[in-house]
Visitor: 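Below: one structure in structure tokens.
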Amino acid sequence: MNKNVDIILRSIAAVIGGYVLSALSSIYLTYGLVNLLYINDGVAVLSASMLSYIVFFAFFIASFAVSNIAKWLIFLILLIAVAVLFLPLVDVL
């Protein structure tokens, strides 16, 4: 694959995929903190949003660390699809 295309695909996976994954993880972490650890709603939202930065940066670094970008994009699409499918199970605060 062309080196420029590889960098563009990795950048798209890192930025867009990382953003979507961190937003979904923020929702799931908020739900988990409120219902499993019985933390106050406001504190849970702030804590989950801070933890979602770790998810974003880890995914960003992993997007450039993998050797095969095609497998990484398939993994990203499947992970986001599963997270979106289970989203109706999360109760609204």
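Along the sequence shown, residues are numbered consecutively beginning with 1.
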Visitor: Could you pull out the closest heavy-atom pair between Val34 and Ala44, with the gap in Å?
Guide: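 So the minimum-distance heavy-atom pair works out to CG2-CB, 3.5 Å.
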
Visitor: Kindly state each residue pair satisfying salt bridge (Lys or Arg N to Asp or Glu O under 4.0 Å) with at least one member in residues 5-14, sequence neighbours excluded.
Guide: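 Found Asp6-Arg10.
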
Visitor: Any chance you could measure Phe56, atom CZ, to Ile61, atom CD1, to the nearest 0.5 Å?
Guide: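 Separation between the atoms: 10.5 Å.
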
Visitor: Drop me the distance from Ser26's OG to Tyr31's OH, to the nearest 0.5 angstrom.
Guide: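 Going from the OG atom of Ser26 to the OH atom of Tyr31 covers 15.5 Å.
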
Visitor: Test of understanding: clusters of I, L, V, M, F, W, Y form through side-chain heavy atoms closer than 4.5 Å, transitively. Do Val66 and Val5 belong to the same one?
Guide: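 In one cluster: yes.
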
Visitor: Determine yes or no for a side-chain-to-main-chain donor-acceptor pair under 3.5 angstrom, with Ser49 supplying the side chain and Leu46 the backbone.
Guide: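 Yes; at least one donor-acceptor contact below 3.5 Å.
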
Visitor: Running the 4.5 Å side-chain criterion over Ile, Leu, Val, Met, Phe, Trp and Tyr, what cluster does Ile74 land in, apart from itself?
Guide: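 Once heavy-atom contacts under 4.5 Å are chained together, Ile74 belongs with Leu78.
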
Visitor: In the hydrophobic cluster built from side-chain contacts under 4.5 Å, what are the other members alongside Leu29?
Guide: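 Direct or chained contacts put Leu29 with Leu51, Ile54.
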
Visitor: Could you tell me whether a side-chain N or O of Tyr28 sits under 3.5 Å from a main-chain N or O of Leu87, the two making a donor and an acceptor?
Guide: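 Pair found, side chain donor or acceptor close to backbone of Leu87.
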
Visitor: Counting only heavy atoms not in Phe64, do more than 12 fall under 6.0 Å of its CZ?
Guide: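 Counting neighbours around CZ of Phe64, more than 12 heavy atoms of other residues, nucleotides or ligands fall under 6.0 Å, so yes.
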
Visitor: Taking all non-hydrogen atoms of both residues into account, name the closest pair between Ile69 and Ser63 and its distance.
Guide: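 In this case the closest contact between Ile69 and Ser63 is CD1-O, 4.3 Å.
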
Visitor: Looking at every heavy atom in both Ala13 and Leu73, which two are closest together, and how far apart are they?
Guide: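 What the structure gives for the nearest pair is CB-CD2, 3.5 Å.
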
Visitor: Return yes if some donor-acceptor pair links the side-chain N/O of Ser25 with the main-chain N/O of Ser22 below 3.5 Å, else return no.
Guide: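 Flag set: sc Ser25 to bb Ser22 pair under 3.5 Å.
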
Visitor: Check the hydrophobic clustering (I, L, V, M, F, W, Y; side-chain heavy atoms under 4.5 Å; chains of links allowed) and say if Val43 and Met50 are grouped together.
Guide: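 Hydrophobic grouping puts Val43 apart from Met50.
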
Visitor: Can you tell me how far apart CD1 (Ile12) and CD1 (Ile7) are? Round to the nearest 0.5 Å.
Guide: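 One gets 12.5 Å once the value is rounded to the nearest 0.5 Å.
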
Visitor: So, taking the atom named OG1 in Thr30 and the one named CD1 in Ile39, what distance separates them when rounded to the nearest 0.5 Å?
Guide: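 With rounding to 0.5 Å, OG1 (Thr30) is 10.0 Å from CD1 (Ile39).
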
Visitor: Establish whether Leu33 and Leu89 are linked, either directly or via other cluster members, by ILVMFWY side-chain heavy-atom contacts under 4.5 Å.
Guide: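 As far as the 4.5 Å side-chain criterion goes, Leu89 and Leu33 are not connected within one cluster.
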
Visitor: Picking from Val84, Val55, Val90, what satisfies side chain to side chain contact (heavy atoms under 4.5 Å, CB included) with Leu24?
Guide: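 It is Val84, the one option of Val84, Val55, Val90 that forms the side chain to side chain contact (heavy atoms under 4.5 Å, CB included) with Leu24.
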
Visitor: To the nearest 0.5 Å, tell me how far Ile80 CD1 sits from Ile77 CD1.
Guide: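 Ile80 atom CD1 to Ile77 atom CD1 measures 8.0 Å (nearest 0.5 Å).
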
Visitor: Does any part of the side chain of Phe59, heavy atoms only, come nearer than 4.5 Å to the side chain of Tyr19, both counted from C-beta?
Guide: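 Result no, sub-4.5 Å side-chain heavy-atom pair not found.
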
